[in-house]
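Data first, discussion second: the structure below is written as structure tokens.
Naming convention: chains lettered A, B, ... in sequence-line order (proteins, then strands); numbering from 1 in each chain. Everything numeric here is computed off the predicted structure, so don't read it as measured data.
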Amino acid sequence: MLDPKLLREQPEAVAEKLATRGFVLDVAAFNALEAERKTLQVETEKLQNERNVHSKNIGILKGQGKDASAVLEQVNQLGDRLTQLSHELSAVQEKLHDFCAVMPNVPHDSVPIGKSEDDNVETARVGTPRTFSFEIKDHVALGEGLGQMSFDKAAKLTGSRFVVLHKHLAKLQRALTQFMLDIHINEHGYEESYVPYLVNDDSLFGTGQLPKFKEDLFTTTAGYSLIPTAEVSLTNLMRDEIVREEDLPLQWTAHTPCFRSEAGAYGKDTRGMIRQHQFEKVELVWICHPDESYNYLEKLRLHAETILQRLELPYRVLSLCTADIGFCSAKTYDLEVWLPAQNCYREISSCSNMGSFQARRMQARFRNSKTGKTELVHTLNGSGLAVGRTLVAIMENYQDEAGNIHIPKALQPYMGGLTVIGK
RNA sequence: GGAGAGAUGGCCGAGUGGUCGAAGGCGCUCCCCUGCUAAGGGAGUAUGGGGUUUAUAGCCUCAUCGAGGGUUCGAAUCCCUCUCUCUCCA
């Protein structure tokens with residue numbers, strides 16, 4: 001959510017910034033709602049104050065054993081008007097809230113302006129894609145060839161967009177998770193948490209999945225939703241909390257499965273593990289001082305890059321343009337890994353600075369040690385990395401002519417010394 | 001599954017219709033006093049919103065005692081629903 005004061009004072013400036021990301025802010029509609037809100041709120045609070053004063057007097061009079069019927073009659077006359085006004089006020093406030101709740105974040109000045117994902121800016125390219133002297137296979141052919149990956153079985157158990165992994169491939173996924181967590185915890189200073197995979201609507205509102213992206217979620221009959229990312233569980237740990245300034249920054253990580261309905265993705269990446277309803281991810285979250293968040297975004301991105309480097313996977317870095325950054329994001333870097341079978345780079349991590357956007361939605365604050373006042377923190381998050389896609393990348397990049405998968409050196413200790421996955 | 005108890009400020013804990021946003025204690029901050037590894041005295045110390053304002057200063061004001069409804073001139077206190085915690089029984 002954007003700062004309502006900023007919105008009130010400089011609606012045109014905000015509209016201009018939002019326009020760069022393709023969002024049309026109806027300034028006239030907003031101003032009209034705001035004007036209505038102000039009139040109603042001032043009037044309502046005036047009456048409430050009147051009622052409070054009278055009621056207090058009644059209490060005093062009765063306490064002294066005096067007659068209060070005159071005041072009582074006076075305050076009785078306020079009743080209907082007050083009820084009506086407060087109903088009108090809450091209706092307008094709800095409208096305003098709904099209006100603001102679907103407004104995306106304002107992009108940072110350093111974000112390239114663009115009209116589509118084609119305008120994303122490549123800022124780095126690391127590693128060189130390997131050249132193959134044989135006909136390469138994609139991860140599906142490799143996995144099924146090894147008899148350790150089955151989409152048919154998953155379809156039988158559940159439906160489309162799920163996978164079953166067996167034996168060494170199942171272990172490889174687990175190894176990757178462990179490997180990533182170890183690096184982030186031991187080398188990058190993150191604190192690990194185990195968190196719920198089902199969350200309530202307050203949490204989903206806090207991190208911005210609700211109200212706008214309801215259709216992307218799997219929601220249970222109990223009213224809870226499966227997390228689409230651990231960002232929801234981790235970041236919401238800060239909801240309604242006030243931390244000491246000197247305790248910032250907080251760096252949190254968690255490994256969780258993620259669940260996405262992929263509504264609107266029909267026909268997209270239907271083959272293989274690239275776009276699944278359920279996948280594993282190691283998530284990185286920062287809770288920090290507003291002055292530092294853009295510095296930390298660079299660190300966060302490097303932490304994610306480290307994993308790709310250790311696995312010796314070629315990748316590139318994109319600075320997403322205004323048209324492509326996510327709803328909550330003020331600035332986003334995507335890391336894309338090289339997938340030989342697709343002959344292109346595919347997203348494997350997305351690292352974003354949300355600024356105060358999520359913090360405002362969930363009242364996540366710190367106490368300024370100089371002024372003693374509370375201020376909103378900034379929140380950042382990034383994948384470190386998407387484990388399923390990392391598995392795909394390793395399979396495709398490390399295949400040999402026989403259809404075996406060679407294990408990257410850094411990962412071999414996590415595979416009990418295994419160097420090749422074969423039949 | 002059944003029965004009961006509870007949820008109050010950073011923490012503990014009073015408060016069952018009225019000058020209560022809330023006693024008291026602890027903690028914390030500031031000040032005073034004190035020559036000895038400390039004690040004493042005083043003051044302050046929740047959060048969010050709105051109005052006014054050059055102002056994130058001040059002033060005024062509204063809301064919040066688990067959440068949401070209701071009764072009432074007035075609700076931490078009474079009623080209803082929900083969530084969570086604890087105890088006992090199965």
Side-chain angles (χ1 to χ4, degrees), chain A residues 1-10 30-31 33-101 195-196 198-206 210 219-225 236-248 289-291 355-378:
Chain A
M1 211 120 80
L2 297 175
D3 182 359
K5 280 184 188 135
L6 182 74
L7 218 42
R8 256 174 251 156
E9 285 159 18
Q10 307 175 38
F30 176 79
N31 285 342
L33 270 175
E34 243 312 292
E36 202 182 342
R37 187 229 99 224
K38 185 165 166 176
T39 312
L40 282 170
Q41 183 162 354
V42 168
E43 184 65 13
T44 304
E45 290 187 359
K46 202 183 105 192
L47 287 186
Q48 281 176 322
N49 175 239
E50 223 172 295
R51 181 204 59 199
N52 290 348
V53 169
H54 285 321
S55 294
K56 207 168 237 182
N57 282 336
I58 292 171
I60 293 170
L61 286 173
K62 287 204 169 176
Q64 297 170 340
K66 290 180 184 163
D67 174 42
S69 57
V71 191
L72 207 57
E73 191 159 320
Q74 231 179 322
V75 77
N76 261 327
Q77 292 171 354
L78 292 174
D80 289 346
R81 177 99 182 105
L82 188 53
T83 310
Q84 191 200 337
L85 274 176
S86 56
H87 281 145
E88 284 176 33
L89 176 61
S90 27
V92 170
Q93 275 174 330
E94 200 181 316
K95 271 191 212 168
L96 259 177
H97 181 265
D98 293 348
F99 192 94
C100 294
V195 293
L198 284 165
V199 293
N200 59 33
D201 285 357
D202 286 342
S203 295
L204 291 162
F205 181 83
L210 289 181
T219 301
T220 67
T221 50
Y224 301 139
S225 298
N236 272 286
L237 289 171
M238 264 305 287
R239 177 148 55 83
D240 295 318
E241 298 289 335
I242 303 171
V243 296
R244 296 185 305 179
E245 185 172 359
E246 53 268 35
D247 290 339
L248 297 175
H289 192 285
D291 295 347
S356 61
F357 190 85
Q358 292 180 327
R360 186 169 294 104
R361 286 176 159 249
M362 55 188 183
Q363 286 300 317
R365 294 155 295 168
F366 71 97
R367 194 172 298 283
N368 185 310
S369 53
K370 285 201 184 84
T371 64
K373 302 236 161 125
T374 58
E375 294 177 32
L376 296 169
V377 297
H378 278 195

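Base pairing annotation: B:C73 forms a Watson-Crick or G-U wobble pair with B:G18, both donor-acceptor distances under 3.5 Å. Under the Watson-Crick or G-U wobble criterion, with both distances below 3.5 Å, B:C82 is paired with B:G66. Across all strands shown, B:C11 pairs with B:G25; the Watson-Crick or G-U wobble distances both stay below 3.5 Å.
For RNA chain B, none of the residues of residues 85-94 of chain A falls under the heavy-atom distance limit of 4.0 Å.
The aromatic rings of A:Phe99 and A:Phe30 are tilted relative to each other, their planes meeting at an angle between 30° and 60°.
In terms of phosphate contacts, A:Thr44 brings no side-chain nitrogen or oxygen within less than 4.0 Å of OP1 or OP2 of B:C62. Between A:Asn52 and B:C62 there is a side-chain polar atom (N or O) within less than 4.0 angstrom of OP1 or OP2. Considering only side-chain N and O atoms, A:Arg51 lies nowhere under 4.0 angstrom from the phosphate OP1 or OP2 of B:C62.
A distance of about 41 Å separates the C1' atoms of B:U16 and B:C31, rounded to the whole Å. For B:C88 and B:G48, the P atoms lie 40 Å apart once the distance is rounded to whole Å. Distance noted for atom P between B:G15 and B:U83: 29 Å (whole Å). Taking the P atom of each, B:C12 and B:G68 are spaced 22 Å apart, rounded to whole Å. For the P atoms, the distance linking B:G69 with B:U54 amounts to 37 Å, nearest Å. A gap of 27 Å separates the C1' atoms of B:G42 and B:U47, to the nearest Å. Atom name P, nucleotides B:C65 and B:C59: the rounded distance is 25 Å, in whole Å. With P as the reference atom, B:A67 and B:A63 are 15 Å apart, rounded to whole Å.
A side-chain donor from one of A:Asn200 and A:Ser203 sits under 3.5 Å from a side-chain acceptor of the other.
Taking CZ of A:Arg51 as the reference point, atom CD1 of A:Ile58 lies at 11.0 Å (rounded to 0.5 Å). Considering CG of A:Asn236 and CZ of A:Arg361, their distance stands at 11.0 Å, rounded to 0.5 Å. One distance of note links NE2 of A:His54 with CD of A:Glu73; it measures 12.0 Å at 0.5 Å rounding.
Take the nearest nucleotide of RNA chain B for A:Val53 and for A:Glu375: the residue whose nucleotide is more 5' is A:Glu375.
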### Task
At under 4.0 Å between heavy atoms, which parts of nucleotides 51-60 of chain B does protein reach? Answer with one letter per nucleotide, 5' to 3': B base, S sugar-phosphate only, - none.
SS---SS---

Short N/O separations, protein against nucleotides 76-83 of chain B, under 3.5 angstrom:
none

